[in-house]
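Residue numbers start from 1 in every chain, and the chains themselves are labelled A, B, ... in the order their sequence lines are given, proteins ahead of strands.
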Amino acid sequence: MIKSSGDLETMRQPIHLLPSPSPVRFVDPEGRPAPLEEHGDYEAPPLALAKQAYRQMVLGRRFDEEATALTRQGRLAVYPSSRGQEACQVGGVLALRPEDWLFPTYRDTMAVITRGVDAVQALGLLRGDWHCGYDPMTTRVAPQCTPLATHAPHAAGLAYGARRRGKDTVAMVFIGDGGTSEGDFHEALNFAAVFAAPVVFVVQNNRYAISVPLARQSAAPALAYKGVGYGVRSEQVDGNDAIAVLAVLADAVAHARSGHGPVLVEAHTYRIEAHTNADDAGRYRDASEVDAWLRRDPVARLEAYLRGADSLTDAEIDDARREAEDFAVRTRERMAAEPVCEPSELFEHVFASPTRQLHTERDRLLGERG
Amino acid sequence: MIKSSGDLETMRQPIHLLPSPSPVRFVDPEGRPAPLEEHGDYEAPPLALAKQAYRQMVLGRRFDEEATALTRQGRLAVYPSSRGQEACQVGGVLALRPEDWLFPTYRDTMAVITRGVDAVQALGLLRGDWHCGYDPMTTRVAPQCTPLATHAPHAAGLAYGARRRGKDTVAMVFIGDGGTSEGDFHEALNFAAVFAAPVVFVVQNNRYAISVPLARQSAAPALAYKGVGYGVRSEQVDGNDAIAVLAVLADAVAHARSGHGPVLVEAHTYRIEAHTNADDAGRYRDASEVDAWLRRDPVARLEAYLRGADSLTDAEIDDARREAEDFAVRTRERMAAEPVCEPSELFEHVFASPTRQLHTERDRLLGERG
Amino acid sequence: MAVSMVQALNAAMRDAMAADESVLVFGEDVGALGGVFRVTDGLTRDFGEDRCFDTPLAESGIVGFALGMAMEGFRPVVEMQFDAFAYPAFEQIASHVAKMRNRTRGSVTVPMVIRIPYGGGIGGVEHHSDSSESHYTHIPGLKVVTPATVADAYSLLREAIDDPDPVVFMEPKKLYWSKAEVTLPVRTERFGQAALRRQGTDLTLLAYGPTVPVALEAAEAAGEAGLDVEVLDLRSLVPLDDETIAASVRRTGRCVVVAEATSYAGAAAEIAARVQQECFYSLDAPVLRVTGAGIPYPPPILEDHYLPGVDRILDAIAQLEWDEPVRL
Amino acid sequence: MAVSMVQALNAAMRDAMAADESVLVFGEDVGALGGVFRVTDGLTRDFGEDRCFDTPLAESGIVGFALGMAMEGFRPVVEMQFDAFAYPAFEQIASHVAKMRNRTRGSVTVPMVIRIPYGGGIGGVEHHSDSSESHYTHIPGLKVVTPATVADAYSLLREAIDDPDPVVFMEPKKLYWSKAEVTLPVRTERFGQAALRRQGTDLTLLAYGPTVPVALEAAEAAGEAGLDVEVLDLRSLVPLDDETIAASVRRTGRCVVVAEATSYAGAAAEIAARVQQECFYSLDAPVLRVTGAGIPYPPPILEDHYLPGVDRILDAIAQLEWDEPVRL
Ligand SMILES: Cc1ncc(C[n+]2csc(CCOP(=O)(O)OP(=O)(O)O)c2C)c(N)n1
Ligand SMILES: Cc1ncc(C[n+]2csc(CCOP(=O)(O)OP(=O)(O)O)c2C)c(N)n1
Ligand SMILES: [Mg+2]
Ligand SMILES: [Mg+2]
């Protein structure tokens with residue numbers, strides 16, 4: 001890690017921009033402390049934060065399971081699971097302050113609820129009752145974005161705008177490995193760099209874009225190597241190691257907040273489930289690959305680590321699980337109610353005030369029989 | 001320089017992909033040999049090639065002057081001069097074999113004529129008599145591209161296609177510093193890398209995109225640092241040093257041709273004239289800056305170098321200038337003829353065979369009075 | 001044998017690939033997965049990775065790369081995963097694919113097919129239900145076709161792949177799983193020809209792609225109320241079959257155009273504008289349009305309020321200045 | 001004082017920036033250079049680099065970045081350098097700018113102006129003369145306006161900047177240097193209102209942007225032949241002033257729509273389709289369109305064959321089923 005000090009000119013030297021040669025790690029796959037040289041000079045997060053992350057990850061995992069179950073009951077139109085990516089989903093959000101902004105994708109519902117958005121509202125899009133079920137302005141969570149990478153320039157613009165207003169807001173944007181191939185990812189990194197916008201780009205490299213494996217997506221040594229070409233400081237981290245994610249993202253957010261410009265962080269992780277409930281992952285990958293990654297499970301790993309450090313009791317674990325269960329049950333119950341959706345809203349929110357044509361059309365379409 | 005050997009896996013290590021820390025140089029701005037450590041391990045081009053480049057650069061410069069003059073006489077609609085970029089324009093093309101392809105921009109008419117395209121045909125676009133005045137398929141020069149960076153994916157596709165057909169064609173694509181900001185540049189680099197397409201991306205970094213200076217375009221240490229993020233081997237070169245350009249591009253083309261995938265080369269140069277004859281560069285840059293770059297003039301530099309190496313006689317210089325003058329005069333004369341443009345062609349080349357509607361429209365529009 | 005539209009499309013690519021090895025299929029998830037709608041199912045397995053392959057996730061790159069391959073003599077068939085995800089390729093399509101032949105006086109040609117699943121009615125979340133065909137029809141140099149039947153899916157796609165020019169091939173998602181008894185290979189009407197799907201004397205319904213079955217259903221319903229409705233399936237938006245359309249409307253004297261795309265400057269507007277011009281003296285009523293609403297495509301739960309359904313078509317028919325009021 | 005359209009646009013931004021410091025202007029070359037057409041001349045000098053600034057060369061990035069800034073309460077006015085160079089931003093415009101308010105039930109609003117110089121007739125090389133307005137009119141959630149006069153250039157742009165919603169502001173390049181005696185600031189008709197540019201009783205010409213002066217010229221010429229032609233300048237394509245249009249055509253009974261964009265599914269098609277619907281019983285002849293040809297925009301030397309000129313308008317008028325043949 002390059003500490004966020006020194007003048008901007010120096011910090012734009014390649015050596016200050018390139019990522020660590022291998023992913024930063026604090027905890028090995030078995031939950032044991034990783035050797036110091038893998039820490040990349042980062043500081044471990046405070047224990048309290050690590051424990052908070054654990055609780056949220058347990059909750060997030062349970063929520064994710066429940067959401068997948070809801071698709072089977074027809075309560076959700078579709079659900080892209082982030083099982084296996086809990087450390088990224090939770091670690092990312094915990095690095096933010098309330099006044100910061102999160103720009104998630106369709107995959108990041110777990111992050112959205114971690115941020116405090118009501119679960120049922122967060123599931124609005126996937127339930128099909130409105131495009132964005134929560135209020136972005138009050139939650140400071142942008143709508144979950146579907147067109148890949150298109151939200152990245154928004155994050156850059158918002159971050160720059162906030163800085164222009166004298167705020168010290170940071171914008172964190174989640175992108176998939178596939179999303180990095182889109183032109184908008186490139187343009188967003190470049191704008192953020194040129195305008196020194198406080199954006200943290202978090203690439204959750206879960207090794208698949210639906211069925212397309214990483215090797216077909218990029219020939220880069222690692223996606224984090226994209227940063228240097230924009231003058232953007234970059235890092236790669238073991239995305240299944242919550243401690244490492246917290247450490248690296250705390251540093252990245254601090255770097256951005258202090259006016260040193262954007263940071264690109266690649267979190268190496270894995271999508272355990274199929275792309276969505278509607279996908280059939282058996283068509284393009286072996287179960288053995290999934291099994292190997294299951295053994296690097298981020299929740300179990302953090303649990304083992306905290307236990308090993310005598311920082312997590314059985315009672316705390318039980319408690320976390322109970323809380324998660326309650327949350328899941330409450331979510332399921334609330335999702336059982338039929339969504340209420342006022343068709344007239346369709347015409348209300350096209351413009352601040354509907355045009356004459358919209359009035360007419362509304363009356364015609366909603367007034368008609370049937 | 002990393003020699004194009006070793007297995008693909010090894011060559012995808014960052015160390016093999018990153019450019020030299022400073023631009024490769026063989027000749028200093030005064031035309032004296034540059035110290036060996038600036039050669040970046042490249043081999044100097046054969047003397048005959050250097051001398052050929054000199055002749056072509058003298059011719060290219062004179063042609064460029066003539067083209068600007070033609071705008072004043074109303075014979076060209078507009079002309080974007082490449083004065084100051086002669087080493088890139090000529091060096092790029094001389095690195096190619098006849099069976100290779102060139103993908104130029106509007107700025108690269110000098111390269112197009114160096115490639116052997118008839119001068120009047122090459123000026124077709126800028127004269128306004130047809131969008132592309134020459135035949136790309138026979139000249140193996142793609143149409144000069146205006147929408148920035150959009151031709152880069154074409155080059156990647158063509159190069160990959162040719163390889164698929166068992167040919168050893170290389171595609172060289174010219175892009176400006178501004179063009180690197182477009183999403184298509186990113187997507188093209190990525191496609192080329194993933195498909196190991198034999199493309200050489202030559203970024204002529206002339207420090208301006210119309211009026212926008214490099215600092216507003218990118219915060220990268222150098223644009224060549226973009227390559228590593230795609231797994232693309234990269235280099236930067238003094239673009240006003242023809243010897244260095246020839247050396248680096250010969251290597252880049254060989255690398256691509258031998259199946260090792262694409263190469264990104266940034267040539268540091270300068271646009272001496274305004275963006276086009278219609279532009280007013282006084283609005284955004286100081287004459288002193290231009291003066292400083294005039295002192296690094298690529299033609300004078302190569303001339304001094306070759307003379308210093310006792311490889312260029314006065315007679316040869318005179319001869320090159322005479323040839324250039326003849327070329328310019330012939331071009332001027334031929335451009336004096338009114339272009340012949342058949343309006344019915346407008347309707348002929350929309351589809352292989354015009355639709356009924358096009359027939360009708362043609363008859364209506366071309367048959368009408370006036 | 002009952003064949004689905006997805007199977008017919010698959011067979012069309014398969015047969016084209018077998019017939020001409022310069023035909024390639026590529027895009028996002030078209031390889032091992034066989035496409036999110038399984039339209040390319042098995043092509044990689046049967047023709048190899050070289051003939052059907054996945055690309056990086058970048059639509060502009062896909063189309064631009066395909067154009068480059070076309071310059072090397074290939075005939076690329078590229079898939080855009082959903083209508084709204086073709087938008088990143090807009091510049092490549094509008095500024096290059098459509099113009100390359102014209103720009104080069106016929107030297108560089110682009111025999112490319114851009115397959116775009118389009119339209120709604122499948123409960124898709126945002127961005128998965130756009131009808132973008134009208135944008136392509138507004139770009140000279142592109143042919144734009146869309147099947148409504150299983151046989152047409154096969155035949156039009158074969159023709160698109162054979163065509164020496166770029167074809168935007170719009171696939172109605174809603175009809176992907178529709179089936180028909182068809183023996184493949186089958187050849188139906190060529191580009192530029194509309195197909196008569198129901199004969200009638202009182203009124204002409206013009207529809208294409210996903211609205212053809214809706215129009216037929218409306219025609220049935222109107223038939224029960226005593227109106228004899230003709231239904232034309234346009235099939236090919238560019239070129240458009242002006243002759244058949246005009247002949248029908250001149251006969252019936254009344255016309256309603258049905259399309260899912262939002263009305264403003266949609267292909268339906270073009271058709272209405274042409275019909276009133278061509279058939280002015282035969283029209284007993286204005287040409288009406290029944291289209292998607294003038295709003296962003298709604299979330300699934302509300303999409304019926306957007307889509308042109310049977311009721312809205314019947315409403316439009318009822319307004320067609322009948323000598324005696326019709327009750328539909 | 002004689003003011004050019006460029007000066008009026010410049011003044012509109014200037015006055016809006018002075019009135020509201022959340023108004024920002026950015027894009028390619030808008031800073032020191034003042035834009036390739038000098039529309040932003042002096043804004044950086046007078047308001048500082050923070051208020052008017054150059055960006056990297058990436059249109060999708062510009063629009064997306066602007067959307068993010070709008071979320072922070074800014075009112076971005078972005079310039080696309082030429083019509084065809086807005087295409088890379090198509091996805092951002094169609095999938096986000098137009099939909100953000102709707103998607104978020106009015107929470108996230110996008111008070112953005114996208115300025116696009118459009119149209120031909122300036123001898124521009126390829127890609128510098130496209131008329132892309134129809135694409136934007138086909139995207140619900142966007143307002144689309146275009147001035148034809150100097151006063152409208154000022155007034156519409158001020159209104160666009162004040163508007164709480166995204167406005168695609170199409171600037172007719174050909175008229176940039178047209179001048180008029182105008183005292184700025186000036187306010188003219190609001191969005192959604194057409195303007196009567198010439199009164200007439202025999203026929204209505206509908207035009208917008210670059211075709212308004214052409215339509216007026218044609219009206220003069222027709223006047224000499226004894227036809228009294230009304231000319232409406234539409235000004236605002238979305239929303240469209242259906243009332244004024246219909247009232248005029250009902251009075252005159254004849255209508256020709258004149259637009260530079262290629263005809264297929266252009267805004268002119270929409271207008272023709274609406275007029276025939278609204279005015280069916282008043283029409284003495286079909287609504288005709290005089291538009292750009294159905295071909296890629298030609299090179300400068302041939303562009304007159306593409307553009308709708310006076311002769312073609314007169315030809316169309318002559319076809320309007322007059323009781324006695326008119327010779328124009
Ligand atoms: C512009 C665009 N193209 C295509 C799609 C269809 N699509 C949805 S998700 C997806 C894969 C994305 O992969 P990645 O970015 O790695 O994110 P992940 O789903 O793995 O989280 C694709 C192709 C889309 N949403 N947007
Ligand atoms: C997509 C696109 N946007 C904008 C333009 C307008 N434009 C033409 S040249 C130019 C500057 C290009 O700069 P650079 O890439 O550095 O090339 P140079 O002109 O310096 O050779 C711009 C903005 C364009 N041609 N295409
Ligand atoms: Mg992924
Ligand atoms: Mg440049």
**Q.** Distance, nearest 0.5 Å, that separates SG of B:Cys145 from NE2 of D:His127
**A.** 6.0 Å
Q) Do you know the tightest heavy-atom contact between B:Ala77 and D:Val125? A) CB-CG1, 4.5 Å
Q) Looking only at heavy atoms, what is the nearest atom pair of B:Pro343 and D:His305, with distance? A) CG-NE2, 3.4 Å
Q: Please flag which part of B:Val212 lies under 4.5 Å from any non-hydrogen atom of chain D: side chain, backbone, both or neither.
A: both
Q. What distance separates D:Ile301 CD1 from B:Cys341 SG, expressed to the nearest 0.5 Å?
A. 5.0 Å
Q | Check against side chain to side chain contact (heavy atoms under 4.5 Å, CB included), D:His128 and B:Thr146 | A | CA-CA 9 Å; D:His128 289 77; B:Thr146 302; 3.5 Å; yes
(Q) Counting only non-hydrogen atoms closer than 4.5 Å, does D:Arg38 touch chain B with its backbone (N, CA, C, O), its side chain (CB onward), both, or neither? (A) side chain
Q: Enumerate by number any residue of residues 119-131 of chain B whose heavy atoms lie under 4.5 Å from heavy atoms of chain D; in the absence of such residues, state 'none'.
A: B:Leu125, B:Leu126, B:Gly128, B:Asp129, B:Trp130, B:His131
Q: Indicate the atoms forming the closest heavy-atom contact of B:Ala209 with D:Asp29, along with that distance.
A: O-OD1, 3.3 Å
Q) Is there a donor-acceptor pair under 3.5 Å between the side chain of B:Glu361 and the backbone N or O of D:Gly294? A) yes
Q: Can you measure from CD (D:Glu59) to CD (B:Glu182) and round to the nearest 0.5 angstrom?
A: 4.5 Å
Q) Of the backbone (N, CA, C, O) and the side chain (C-beta and beyond), which part of D:Ala293 lies under 4.5 Å from a heavy atom of chain B, both, or neither? A) both
Q: Please state whether the side chain, the backbone, both or neither of B:Asp280 comes within less than 4.5 Å of a heavy atom of chain D.
A: both
Q) Who pairs with D:Tyr306 by ring-ring contact (aromatic ring centres under 6.0 Å, His included), at least two apart in sequence or on another chain? A) D:Tyr297
Q. Does a side-chain heavy-atom distance below 4.5 Å link B:Arg362 with D:Ile295?
A. no
Q: For chain D, find which of B:Thr355, B:Leu358, B:Leu346, B:Val350 contributes the most heavy-atom pairs closer than 4.5 angstrom.
A: B:Leu346
Q | Pairwise distance CG(D:Leu57) to OG(B:Ser181) - rounded to 0.5 angstrom | A | 6.0 Å
Q) Hey, what do you get for CG (B:Leu365) to CG (D:Asp311), rounding to the nearest 0.5 Å? A) 11.5 Å
Q) Hey, is the main chain of D:Asp54 close enough, under 3.5 Å, to the side chain of B:Arg216 for a donor-acceptor pair? A) yes
